[in-house]
2 protein chains.
Amino acid sequence: MNIVQNNVHDYEEKAELLKALAHPVRLCIVDGLLQNECNVTKIRECLELPQSTVSQHLSILKSRGIIKGRRRGTEICYTVSNELVRELMKILTGKNVHIQGPEGKK
Amino acid sequence: MNIVQNNVHDYEEKAELLKALAHPVRLCIVDGLLQNECNVTKIRECLELPQSTVSQHLSILKSRGIIKGRRRGTEICYTVSNELVRELMKILTGKNVHIQGPEGKK
DNA sequence: CTTTAAAATCGTAATATACAAATATAAAAA
DNA sequence: TTTTTATATTTGTATATTACGATTTTAAAG
């Protein structure tokens, strides 16, 4: 009876969130921002990518509500603003985790 | 303090995993399979998509090690085979993972 | 006002992805 | 064997994503 009866439509929003995270540069940025908020120039220097490329990745993350930036003079300082993403990253990167259900599968 | 000093390369594998999940149909399939293993025909009927389309999505999930199928006669029965993905889905869907859950969520 | 620094946006070529029809394969049934 | 059922793979094509230089915007400083 209850198979994959879920409505595909219900997953569109979540798929959008994952899609925004599903790029090595963006994952790296998010993981970095989880440890320290940071402006674009620093990110650019660390990743050794053109400014416009970094800015576009930030724009994608921002448009999905994953990060937000606040202006500080001429810089813009980014931080992770999404609690769900924080949790996902914890699981994904294995940092700070407590996984492993009661019945170990090993 | 330390910035985004992480190596982008380290995130490629994880990005691949997320990319495989980052599609509404595939999310729906994975979430469905977390509750019940299922063959392709059932999935196809539930999603009302052409067989080839479903098969291609399954193929992507399989190639990333997210699901695995075992043959049962002429059918192939799929299940979620990746513990990390189970954890991610728990966070993402807000469900506390339970086998069963009778037609509750209408 | 003009200049400078930081960041965003635009234009576009290269690449990747999604989809469905057609075709292929594998196992069971006849 | 031949046929049938279930699933996989191939193929063509439309659409989306990505990367990056060039340009533009924004805000502070002179």
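Here is how names work: the chains are called A, B, and so on, in the same order as the sequence lines, proteins then strands, and each is numbered from 1. As the structure is a computational prediction, the values presented were derived from the model and not from experiment.
Taking only side-chain nitrogens and oxygens, A:R71 never comes nearer than 4.0 Å to OP1 or OP2 of C:dA6. For A:H23, a side-chain nitrogen or oxygen approaches OP1 or OP2 of D:dA19 to under 4.0 Å. Residue B:S59 places none of its side-chain N or O atoms closer than 4.0 Å to OP1 or OP2 of D:dA8. An OP1 or OP2 oxygen of D:dT17 is reached within less than 4.0 angstrom by no side-chain nitrogen or oxygen of B:K19. Under 4.0 angstrom from either OP1 or OP2 of D:dA6 there lies no side-chain N or O belonging to B:K42. Within the 4.0 Å cut-off from OP1 or OP2 of C:dA8, at least one side-chain nitrogen or oxygen of A:S55 is found. Between D:dA19 and A:H57, a contact under 4.0 Å exists linking OP1 or OP2 to a side-chain N or O. An OP1 or OP2 oxygen of D:dA6 is reached within less than 4.0 angstrom by no side-chain nitrogen or oxygen of B:Y78.
Between the side chain of B:R86 and the main chain of B:V80, a donor-acceptor pair closer than 3.5 Å is present.
Side-chain heavy atoms closer than 4.5 Å link hydrophobic residues (I, L, V, M, F, W, Y) into clusters, and following such links, possibly through other members, connects B:V8 to A:L49.
Other residues, nucleotides and ligands place no more than 12 heavy atoms under 6.0 Å from the CD atom of A:E13.
Judged by distance alone with a 3.5 Å cut-off, no donor-acceptor contact links the side chain of A:T41 to the base of C:dA6. At a cut-off of 3.5 angstrom, counting only N and O atoms as typed in the model, there is no donor on one side facing an acceptor on the other between the side-chain of A:E75 and the base of C:dA7. Judged by distance alone, with hydrogens and angles left aside, B:Q51 brings no side-chain donor or acceptor close enough to the base of C:dA20 to form a pair under 3.5 Å.
To the nearest angstrom, P of D:dA8 lies 8 Å from CD1 of B:I67. Here C:dA7 presents its P atom at 11 Å from NZ of A:K62, a figure rounded to the nearest Å. In this structure, A:I60 places its CD1 atom 8 Å from C1' of D:dT18, rounding to the nearest Å. Spacing between atom CG of A:L49 and atom C1' of C:dA6 amounts to 17 Å, rounded to whole angstrom units. Rounded to whole Å, the distance from CD1 on B:I29 to C1' on C:dA18 is 13 Å. Taking atom CD1 of B:I76 as the reference point, atom P of C:dA24 lies 19 Å away to the nearest angstrom. Regarding B:E48, its CD atom lies at a distance of 15 Å from the P atom of C:dC19, rounded to whole Å. D:dT7 atom P lies 13 Å from atom CG of B:L47, rounded to whole Å.
In this structure, of C:dC19, C:dA21, D:dA6, it is D:dA6 that holds the atom nearest to the side chain of B:T74. You'll find that the side chain of A:L58 is closest to C:dA8, out of D:dA19, C:dA8, C:dA20.
Using a 4.0 Å heavy-atom cutoff across all strands shown, A:R44 reaches no nucleic acid atom at all. Within 4.0 Å of A:R72, counting heavy atoms only, lies no atom of the nucleic acid at all.
Here the shortest heavy-atom pairing between B:Y78 and B:V40 reads CE1-CG2, 3.6 Å.
The CG atom of B:L61 sits 10.5 Å away from the NE2 atom of B:H23 when rounded to the nearest 0.5 Å.
Ion pairing between A:K19 and A:E16 holds under the 4.0 Å rule for side-chain N and carboxylate O.
Each of B:Q56 and B:V40 lies near DNA chain D, and the nucleotide nearest B:V40 is the one positioned closer to the 5' end.
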